[in-house]
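Have a look at the structure below before the remarks.
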Number of protein chains: 2
Amino acid sequence: MKPTLRAVAETVGVSRSTVSNAYGRPDQLSAELRQRILDTARQMGYPGPNPTARSLRRGFVGAIGVLFTSRLSYAFTDPFAVQFLTGVAEAAEHHGSSLLLVPLPGDLVGARKAVENAAVDGFCVYCAGDEGEIVDTIRARGLPFVTTSARPGAQDLWVGIDERAAARSAAEHLTGLGHRRVALLSDDVLPDTSPGLVRVSDVADVPHPTTRERLAGFADAFAAVGVTWPELTILAAADNTRAAGAEAVRALAALPEPPTAVLACSDVLALGALDTLRGAGQSSSVTGFDDIAEAASAGLTTVLQPGVDKGRRSAELLFDPPSDTEAHQILLPTTLVVRTSTGPAPRS
Amino acid sequence: MKPTLRAVAETVGVSRSTVSNAYGRPDQLSAELRQRILDTARQMGYPGPNPTARSLRRGFVGAIGVLFTSRLSYAFTDPFAVQFLTGVAEAAEHHGSSLLLVPLPGDLVGARKAVENAAVDGFCVYCAGDEGEIVDTIRARGLPFVTTSARPGAQDLWVGIDERAAARSAAEHLTGLGHRRVALLSDDVLPDTSPGLVRVSDVADVPHPTTRERLAGFADAFAAVGVTWPELTILAAADNTRAAGAEAVRALAALPEPPTAVLACSDVLALGALDTLRGAGQSSSVTGFDDIAEAASAGLTTVLQPGVDKGRRSAELLFDPPSDTEAHQILLPTTLVVRTSTGPAPRS
DNA sequence: TTGAAAGCGATACCAA
DNA sequence: TTGGTATCGCTTTCAA
């Protein structure tokens, strides 16, 4: 068993406070005594103040949590999530804080538990589907948090983009190219759907806020050229991975009139779509969302959102909450990046 | 202020233990009483047992730490590090544990402090240059750890590859193709070196264990065909990024007789080298190390090491330490993957 | 400059 | 099934 601060105090023959000060407040005791304490401590194998005990007493932890809806290992599968994490890490590093990655199990009870058990000073909520429940749990703990999905009540800290407008910009690019018969590809479309073609009677039925907003943005652009929601093909992917994107798009082959373009809600899905379509020799247009590094090399037309910034500013908002309520909401810019994966719709 | 367990106990009119049991050991009290406690707690706004206090009392945290030598944000810059993290995350998730990413400041004192303050049950040490100091600090805390760099004493938990043999395999591929005048590219070659050409009188002088072993492996292969260490050009990169690789290789242009091949200690550096060389219209051979996803699309010849496995098995070793001392060391296989970035040396 | 005492918030043993 | 009590390891006024 490792010795405790108390043991050190007894061995040196001073009080616990003094030993504590030797570590945390060097100016509170003579350099000589301090050195004697530190030496004895080392000699006894005392590992220094126990972080957990210190946190309990001090009332803060020195770590912020990052919440992921999906399995934690997926977080690293999506390069955009990695960008976000990079930004959060930068800010955390800057503030001498650690990063606790908290995986949220699929079930609500488990998710709530995970949030309740995390020893952190605050949370960055990355893309939580059931945001409401999660956020309520965080609030119940009285901890600050920053969210990135569709703008909730104006009093919460939020860093994000105009999802709907961004999606619309990609879709307008396609309508401009003459595309009218298209498929929208996303994960998290409806709960418990099998991958492939799905019927969604109304965009508003999509529970995941980000997915909903992006689909709605796509639809806006098509509505503007007379293509209504029911005319859009919806493709559900099993999860947000390249493989799932590739798989979902296979369902298009069964259609009598396959769409001339696929609009994906993420680059990884779009890349998967390209894998399948190009593999089958089809030249359908494909757009993505995020602009991850691979998008460039694959020539994917996509919506760029500043991922690292998003992470960094989220964390900064957590560390230095603005006094001004206005500044609670940070809207980041997006840009449509046109590459070679999109082209004119074939004459019909 | 949020109410505490104690307040709940007083309000309900039961003892603290009973309230505690209501949360942690449902079988220790009647369903009815439990429900009454939980209801009152919710009503009072009690957020559930404080994780820090619980950790202190229980003596364990439910999180493992991952240590990176370099800046934490760099961890996400290198796809191989991301692979490793993915593996660790998988195992952690499986054990219901969280992942604490601990940024290590550049200075030793700061780094030691970071390790001392991390509230975790153990550490995965990823590629720590000053491994010795860091590992000593962890040991002083009495926490278990797993390391991945060059095999230390046989009593430590270790998951890794035969760095030297793996590097040698890449170099032998090049000697087989007739290359004799080559450059070795790495970050962390010597402390405080400016990027570009460096003189290293002896491989043994390289302090970073992984770098040293890989360079030594490269040298082995060339020694076997009569090319000695001083004849090898050493290129230092500012850090392990594509940009730094591209930059370092520019120094070759100044050489009277530029090398016919570049052997990099990582894929990101190799990709950077390709950027510069191909950009200058040169067809020099380039090899990498790791086999990240981009290596395939870039046609990079490289040494594949199982990154996700490395992470997963590291974490597993931490969670279920083998009783058998033999099993403390896990050696993972590597494979040379030959693609298009290497070819015969030009006739001189 | 040093020490005494009071918690921080919860858990777990053991007795009732 | 429930409660009393000691304790986890440290920090922090406040007084000496």
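Please read these numbers as outputs of a predicted model, since none were measured by experiment. Numbered from 1 within each chain, the chains take letters A, B, ... in sequence-line order.
Using a 4.0 Å heavy-atom distance criterion, Leu29(B) is classed as a sugar-phosphate-only contact. Arg25(A) comes within contact range of the sugar-phosphate backbone alone, with a heavy-atom separation under 4.0 Å but no base atom that close. Residue contacts shown for Val19(A) are absent, as no nucleic acid heavy atom lies under 4.0 Å away.
Side-chain proximity of Thr4(B) to dT12(D), dG9(C), dA12(C): nearest is dG9(C). The Arg58(A) side chain lies nearest to dT12(D) when the options are dA10(C), dG4(D), dT12(D). With dT11(C), dT11(D), dG3(C) as the candidates, the nucleotide lying closest to the side chain of Arg57(A) is dT11(D). The side chain of Asn50(A) has dC10(D) as its nearest neighbour among dG9(C), dT11(C), dC10(D). When distances run from any side-chain atom of Leu33(A) to the nucleotides dG4(D), dT2(C), dA12(C), the shortest one goes to dT2(C).
Counting non-hydrogen atoms of other residues, nucleotides and ligands closer than 6.0 Å to CZ of Arg42(B) gives a total of 12 or fewer.
Following rounding to the nearest Å, Arg141(A) (CZ) and dG9(C) (P) show an atom-to-atom distance of 13 Å. Atom CZ in Arg36(B) sits roughly 15 Å away from atom P in dT1(D) (whole-Å rounding). The distance from atom CD of Gln28(B) to atom P of dA10(C) is 19 Å, rounded to the nearest whole Å. Nucleotide dC10(D) holds its P atom 9 Å from the OH atom of Tyr23(A), rounded to whole Å. A straight line from CG of Asp121(B) to P of dC8(D) spans 18 Å, rounded to a whole angstrom. When the P atom of dA4(C) is taken as reference, atom CG of Asn21(A) falls 14 Å away, rounded to whole Å. Per the geometry, CG belonging to Leu5(B) stands 19 Å off P belonging to dC8(D), to the nearest Å. Going from atom CD of Glu10(B) over to atom P of dT2(D) covers 19 Å, rounded to whole Å.
Checking each of Asp187(A), Asp78(A), Asp188(A) against Asn240(A) for a side-chain hydrogen bond (donor to acceptor under 3.5 Å, both in side chains) leaves exactly one that passes, namely Asp78(A).
The side chain of Arg54(B) contributes an N or O atom lying less than 4.0 Å from OP1 or OP2 of dT11(C). For the pair Arg16(B) and dT2(D), the criterion of a side-chain N or O lying under 4.0 Å from OP1 or OP2 is not met. Not one side-chain nitrogen or oxygen of Ser30(B) sits closer than 4.0 Å to the OP1 or OP2 atom of dT1(D). Close to dT11(D), at under 4.0 Å from its OP1 or OP2, lies a side-chain N or O of Ser20(A). In this model, the phosphate group of dT2(D) is not approached by any side-chain N or O of Thr18(B) to a distance below 4.0 Å at OP1 or OP2. A sub-4.0 Å separation between OP1 or OP2 of dA10(C) and a side-chain N or O of Tyr46(B) is present.
Pro191(B) is listed as a side-chain neighbour of Pro207(B), based on a closest heavy-atom distance under 4.5 Å. In this structure, Leu85(A) and Tyr126(A) have side chains that are not in contact, with every pair of non-hydrogen atoms separated by 4.5 Å or more.
Judged by distance alone, with hydrogens and angles left aside, Ser17(B) brings a side-chain donor or acceptor within reach of the base of dA12(C), the pair sitting under 3.5 Å. No donor-acceptor contact under 3.5 Å links the side chain of Thr52(A) to the base of dG9(D).
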Under the side chain to side chain contact (heavy atoms under 4.5 Å, CB included) criterion, do Phe84(B) and Thr148(B) qualify, and how do the steps go? CA-CA 10 Å; Phe84(B) 179 81; Thr148(B) 60; 3.7 Å; yes
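Mapped onto DNA chain D by nearest heavy atom, Arg34(B) and Ala53(B) fall at different nucleotides, with Arg34(B) at the one closer to the 5' end.
Using a cutoff of 4.0 Å between basic side-chain nitrogens and carboxylate oxygens, Arg139(B) and Asp136(B) are scored as salt-bridged.
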